[in-house]
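Keep in mind that this is a model prediction, so the values were computed, not measured.
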Amino acid sequence: MAEENRRKACSLYEEAFGGGDFSVVDEVVGEAFFDHRQGHRSPQGLKRVIVEMRHTFPDLRVSVEEQGTEGDTVTTRCVLHGTDRGGLLWYPPTGRRATFAAKYTDRFSDGILVEHWGESDTGSLLEQLGLPPREG
């Protein structure tokens, strides 16, 4: 089951986030899903996050670099590449390309994704886009 969960997490990042394939979300994410970082619930909430990210970076590509499993939890380290066409945070679009790292932790229950935690290297991203760092 751990290997199957790992494969599903990989598909979620490379195919759904990186390729815009929402059928992966429908296959992998359960109705009880909760995103601890964004506060979204349900597969539809995750789809909105993907739409927003792909609006900002329409040419987004995601490469899974490393994964680990422990019980029903999968940790995934990714590298994301894209061109800022939609504006990041409160900034207007820069038209610049960026490459940044992210780390995600996903908990599965009976092969269905039910919880998600994530963090990305926002500082490096802002720097590459020529934007000032976030305050606070």
Side-chain angles (χ1 to χ4, degrees):
M1 187 61 104
E3 179 59 25
E4 182 67 15
N5 291 344
R6 187 203 61 73
R7 186 195 63 72
K8 288 177 180 179
C10 186
S11 293
L12 180 67
Y13 299 116
E14 290 184 341
E15 297 171 26
F17 279 86
D21 182 355
F22 292 110
S23 69
V24 175
V25 176
D26 295 333
E27 293 169 16
V28 172
V29 180
E31 285 301 317
F33 172 80
F34 182 67
D35 181 337
H36 289 270
R37 182 171 186 204
Q38 302 285 338
H40 293 289
R41 296 185 180 277
S42 81
Q44 293 300 50
L46 183 59
K47 286 179 184 178
R48 282 191 299 276
V49 169
I50 295 170
V51 166
E52 290 168 11
M53 188 165 219
R54 294 194 58 78
H55 171 75
T56 300
F57 300 102
D59 60 347
L60 182 68
R61 291 294 168 253
V62 179
S63 302
V64 170
E65 300 292 314
E66 182 180 354
Q67 286 187 296
T69 60
E70 186 173 322
D72 58 1
T73 301
V74 178
T75 301
T76 305
R77 190 176 57 79
C78 299
V79 175
L80 297 86
H81 315 268
T83 307
D84 174 19
R85 300 277 186 220
L88 185 68
L89 301 171
W90 52 84
Y91 297 111
T94 64
R96 293 184 179 182
R97 289 195 51 74
T99 298
F100 59 101
K103 182 178 176 183
Y104 304 111
T105 302
D106 297 296
R107 188 177 71 79
F108 289 81
S109 178
D110 295 324
I112 300 296
L113 180 58
V114 293
E115 286 185 280
H116 170 85
W117 295 262
E119 57 186 59
S120 59
D121 187 355
T122 306
S124 172
L125 175 59
L126 292 172
E127 183 178 322
Q128 290 176 60
L129 297 178
L131 301 171
R134 296 191 317 183
E135 295 184 19

Roughly how far apart are Glu70 CD and Arg107 CZ, rounded to 0.5 Å?
13.5 Å
Report yes or no: does Lys8 contribute a side-chain atom to a donor-acceptor pair with the main-chain N or O of Gly111 at less than 3.5 Å?
yes
Which pair of non-hydrogen atoms, one from Ser63 and one from His81, has the smallest distance, and what is that distance?
OG-NE2, 4.0 Å
Using a cut-off of 6.0 Å, state whether more than 12 heavy atoms not belonging to Gln38 lie near its atom CD.
yes
Enter the distance from Phe33:CZ to Ile112:CD1 here, rounded to the nearest 0.5 Å.
12.5 Å
Tell me whether Val49 shares a hydrophobic cluster with Leu88, the cluster being built from Ile, Leu, Val, Met, Phe, Trp, Tyr side chains joined at under 4.5 Å.
yes
In Å and rounded to the nearest 0.5 Å, what is the CG to OG1 distance from Leu129 to Thr94?
4.5 Å
Around Lys47, counting heavy atoms of other residues, nucleotides and ligands shown, do more than 12 lie under 6.0 Å from its NZ?
yes
Same cluster for Leu131 and Leu60 if Ile/Leu/Val/Met/Phe/Trp/Tyr side chains link at under 4.5 Å?
yes
Donor-acceptor contact present, side-chain Arg7 to main-chain Ala2, <3.5 Å:
no
Of all heavy-atom pairs between Ala101 and Leu80, which one has the smallest distance, and what is that distance?
C-CD1, 4.5 Å
Say whether Thr56 and Glu52, considering side chains only, have a donor N or O and an acceptor N or O under 3.5 Å apart.
no
Sidechain N-carboxylate O distance under 4.0 Å for Asp59, Arg97
yes
Return the minimal non-hydrogen interatomic distance between Leu113 and Phe108, and the atom names on each side.
N-CD2, 3.5 Å
For the CG atom of Asp21 and the CD atom of Glu15, what is their distance to the nearest 0.5 Å?
6.0 Å
Thr99 side, atom OG1; Asp121 side, atom CG - distance, nearest 0.5 Å
11.0 Å
Contact summary for Ala16 and Ile50, nearest pair of heavy atoms:
O-CG2, 3.6 Å
Measure the acute angle between the ring planes of Phe100 and Phe57, then classify it against the limits of 30° and 60° as parallel, tilted or perpendicular.
tilted
Might you work through the side chain to side chain contact (heavy atoms under 4.5 Å, CB included) test for Tyr104 and Val74, ending with a clear yes or no?
CA-CA 8 Å; Tyr104 304 111; Val74 178; over 6 Å; no
Any idea which heavy atoms bring Pro132 and Tyr91 closest together, and the distance?
O-OH, 3.1 Å
Answer with yes or no whether the hydrophobic clustering places Val64 together with Val24; edges join I, L, V, M, F, W, Y residues whose side-chain heavy atoms lie under 4.5 Å apart.
yes
Transitively linked via ILVMFWY side-chain contacts under 4.5 Å: Met1 with Val114?
no
Under the criterion side chain to side chain contact (heavy atoms under 4.5 Å, CB included), I'd like the reasoning laid out for Glu115 against Thr73: C-alpha separation, chi angles, the key distance, then a yes or no.
CA-CA 9 Å; Glu115 286 185 280; Thr73 301; over 6 Å; no
Measure the OG1-CD distance between Thr76 and Gln67 for me, rounded to the nearest 0.5 Å.
4.0 Å
Side-chain heavy atoms nearer than 4.5 Å, only ILVMFWY residues, links allowed to pass through others: does that put Val25 and Phe34 together?
no
Shortest non-hydrogen contact between Gly30 and Pro43, atoms and distance
O-CD, 3.4 Å
Is any side-chain heavy atom of Phe22 less than 4.5 Å from a side-chain heavy atom of Leu46?
no
According to the interplanar angle, ranging from 0 to 90°, do the rings of Tyr13 and His116 count as parallel (below 30°), tilted (30 to 60°) or perpendicular (above 60°)?
tilted
